[in-house]
Amino acid sequence: MPIIYADVIELLDRFRKKTSIEDIISANLQPADLQLLLSSMYLNLVGRISPSDLLKRYSESRFVQTCAVPQKELIELDTLCYENLPPQFESVEFSAVAPLGTNSILSRISQNVVMSGVRNVEVVADPTTIIALECALRRKSGSKTPNHLATSMRCLRLQPFEKETGFTPHFRIFALGSSGRRPKMAVLDVMGSHLDTVLRIANQLNRKVNSVAKTEVYISDIAFTERVIGSFGIDRQKLRRHAQGEDFKLFNLFPVEDEELVPSISKARHLLQRFTPSLQNLVDFERNKLTQLKSTYPNVEFMFDLGRIAGIGYYNGPCYKVICRTKEGVRVPIADGGYSDWVAKVLSDDKETFFSSGIGTELFYKMFINK
């Protein structure tokens, strides 16, 4: 017999007149109500699982299978990352779960690819959003100085991945986050510092095996991309379909009179002339930071990507991506970083800044160290 509590019966009575799942969903269930209902359901479900069922689920579920990289190797990679961090970074060990909605509210990652939990939490899908919450909490608690935090976490996402890409449902990321108030924390200075740190770590990782044929850095500004999309009236849904291809470039749309995406070539040319001021962040970065980075990393190719689509809704300003190529020519996205308004959002203070970076240490091991 299923175990049904009086509180659950009372809860169900409140929805007795609901005739469909849509009616129930739209009835504004409170978190405590949902927790009570789901906890009771899972309690009954677990009571029907045998030990052999448990082993079968452990062997079949892609979300619980062990990592292909030995833990000892991952610990060594984490140590290497920490050894190459600037001294202002503080290491933090976070919980395996975050408040429900953390990723969809801050970074606009679909809740469908995040594993939601019963007790109003979700499994961590991105360490940088957690770092942002911690930075905001410290600011709210009275911290007056910039916060620079680092962590290494195993994350979980629900979307399917192709095996040859090296991506898996759960994966380890080494992440950095820096927060402060304008104008004391200059975003471009922080991006330069993060990128310098990431490239230093990438160099040290490659020294283990010397299997990276080429490293490329693409520097962008999502605020510029957003302005282009808005000014041309580009349909975001259609744009996403066009952007699935690896060779897709936003500005490839402009030479072609595709009325579904760009109203006209003449309008495109006219509007592009007005975008120069919005590129000032990239101009300043090139003048003040890029020359030094090029000198420090002469074997790295630095490029500007003015039509970056990945990161829209996630970043709000300057950002970068680091691509490492295998000796077979496979492009592997090893690191990504950018400015976001996450701390400003949760504190309702637009003077708060936040810049984060993530390094795929586990992905690097799979694609370059243990191929």
Side-chain angles (χ1 to χ4, degrees), residues 102-114 125-132 155 157 159 161 165 167 171 173-179 187-188 190-195 197-199 216-232 234-253 275 278-282 285-286 289-290 302-324 331-345 353-360 363:
T102 294
N103 288 281
S104 62
I105 292 170
L106 294 183
S107 65
R108 300 183 188 177
I109 293 176
S110 171
Q111 196 66 30
N112 290 333
V113 302
V114 177
D126 184 343
T128 59
T129 52
I130 311 304
I131 292 177
C155 303
R157 293 196 185 178
Q159 68 263 48
F161 297 102
T165 64
F167 292 102
F171 49 92
I173 291 182
F174 189 83
L176 312 175
S178 298
S179 72
V187 173
L188 296 181
V190 176
M191 182 164 82
S193 175
H194 275 227
L195 186 50
T197 301
V198 167
L199 291 175
E216 303 164 346
V217 174
Y218 294 87
I219 301 167
S220 310
D221 192 328
I222 293 299
F224 173 77
T225 310
E226 288 277 14
R227 186 174 179 190
V228 171
I229 293 172
S231 295
F232 288 110
I234 298 175
D235 186 300
R236 287 176 176 268
Q237 295 302 320
K238 293 175 181 175
L239 179 61
R240 288 192 183 97
R241 290 197 294 270
H242 280 263
Q244 293 304 310
E246 184 177 325
D247 297 328
F248 174 83
K249 298 294 181 184
L250 176 64
F251 288 101
N252 286 351
L253 299 174
F275 291 145
S278 64
L279 291 174
Q280 192 60 49
N281 278 335
L282 300 186
F285 185 79
E286 182 177 26
K289 298 295 177 184
L290 197 52
F302 294 87
M303 292 163 281
F304 287 102
D305 179 7
L306 302 185
R308 173 170 173 167
I309 299 299
I312 290 178
Y314 190 91
Y315 298 132
N316 307 98
C319 55
Y320 70 86
K321 180 182 291 291
V322 178
I323 301 289
C324 290
R331 302 173 79 250
V332 184
I334 288 300
D336 203 275
Y339 168 80
S340 65
D341 61 358
W342 303 339
V343 174
K345 276 182 179 178
T353 61
F354 182 70
F355 195 97
S356 61
S357 296
I359 307 171
L363 180 62

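Note that the structure is predicted; figures quoted are calculated from it, not measured. In this chain, numbering begins with 1 at the start of the sequence shown.
- The NZ atom of K321 sits 12.5 Å away from atom CE of M303, with the distance rounded to the nearest 0.5 Å.
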Test side chain to side chain contact (heavy atoms under 4.5 Å, CB included) on I334 and I323; report intermediate values, then the result. CA-CA 6 Å; I334 288 300; I323 301 289; over 6 Å; no
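- Under the rule for a salt bridge (Lys or Arg N to Asp or Glu O under 4.0 Å), the partners of E226 that lie at least two apart in sequence or sit in another chain are R236.
- Residues F167 and P333 share a closest heavy-atom pair of CZ-CG, 4.0 Å.
- Closest heavy-atom contact between K345 and L106: NZ-O, 3.6 Å.
- A heavy-atom distance below 4.5 Å is not found between the side chains of R308 and Y218.
- Across all their heavy atoms, A132 and V343 have their closest contact at O-CG2, 3.6 Å.
- A salt bridge is absent between D126 and R108; no separation between the charged side-chain nitrogens and carboxylate oxygens falls under 4.0 Å.
- The side-chain contact (heavy atoms from CB on, under 4.5 Å) with F304 is formed by just one residue from the set I219, L279, D221; it is I219.
- In this structure, a donor-acceptor pair under 3.5 Å is absent between the side chains of T129 and Y314.
- Checking each of F354, F174, F355 against H194 for a ring-ring contact (aromatic ring centres under 6.0 Å, His included) leaves exactly one that passes, namely F355.
- Here the closest heavy-atom approach between residue V198 and residue A335 is recorded as CG1-CB, 3.5 Å.
- Between P127 and C155 the shortest side-chain heavy-atom distance falls below 4.5 Å.
- The shortest side-chain heavy-atom distance between I312 and I229 falls under the 4.5 Å cut-off.
- A donor atom on one side chain and an acceptor atom on the other are found under 3.5 Å apart for Y320 and S357.
- For the residue pair G177 and I131, the shortest heavy atom distance occurs at CA-CG2, 3.7 Å.
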Dump the intermediate steps for side chain to side chain contact (heavy atoms under 4.5 Å, CB included) on S220 and D305, then the final yes or no. CA-CA 5 Å; S220 310; D305 179 7; 3.4 Å; yes
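- Rounded to the nearest 0.5 Å, atoms CD1 (I359) and OG1 (T197) are 8.0 Å apart.
- When all heavy atoms of A125 and R157 are compared, the pair lying nearest together is O-NE, 3.0 Å.
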Could you check V113 against N103 for side chain to side chain contact (heavy atoms under 4.5 Å, CB included), going step by step and ending with a plain yes or no? CA-CA 10 Å; V113 302; N103 288 281; over 6 Å; no
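- Remark: side-chain polar atoms of N316 are paired, donor with acceptor, to backbone N or O of D341 under 3.5 angstrom.
- Looking at heavy atoms from C-beta onward, V322 lies out of side-chain contact with E216 at the 4.5 angstrom threshold.
- Counting only heavy atoms from C-beta outward, the side chains of I105 and W342 never approach each other to under 4.5 Å.
- Rounded to the nearest 0.5 angstrom, L282 CG and F224 CZ are separated by 8.5 Å.
- If you take OG on S356 and OH on Y315, they are separated by 5.0 Å, rounding to the nearest 0.5 Å.
- The CD atom of E286 sits 13.0 Å away from atom CG of N281, with the distance rounded to the nearest 0.5 Å.
- Distance alone, capped at 3.5 Å, is enough to place a donor-acceptor pair between the S110 side chain and the N112 backbone.
- Contact check for T353 versus Y339: side-chain heavy atoms found under the 4.5 Å cut-off.
- Note that the CD1 atom of I130 and the OG1 atom of T102 stand 5.0 Å from one another [nearest 0.5 Å].
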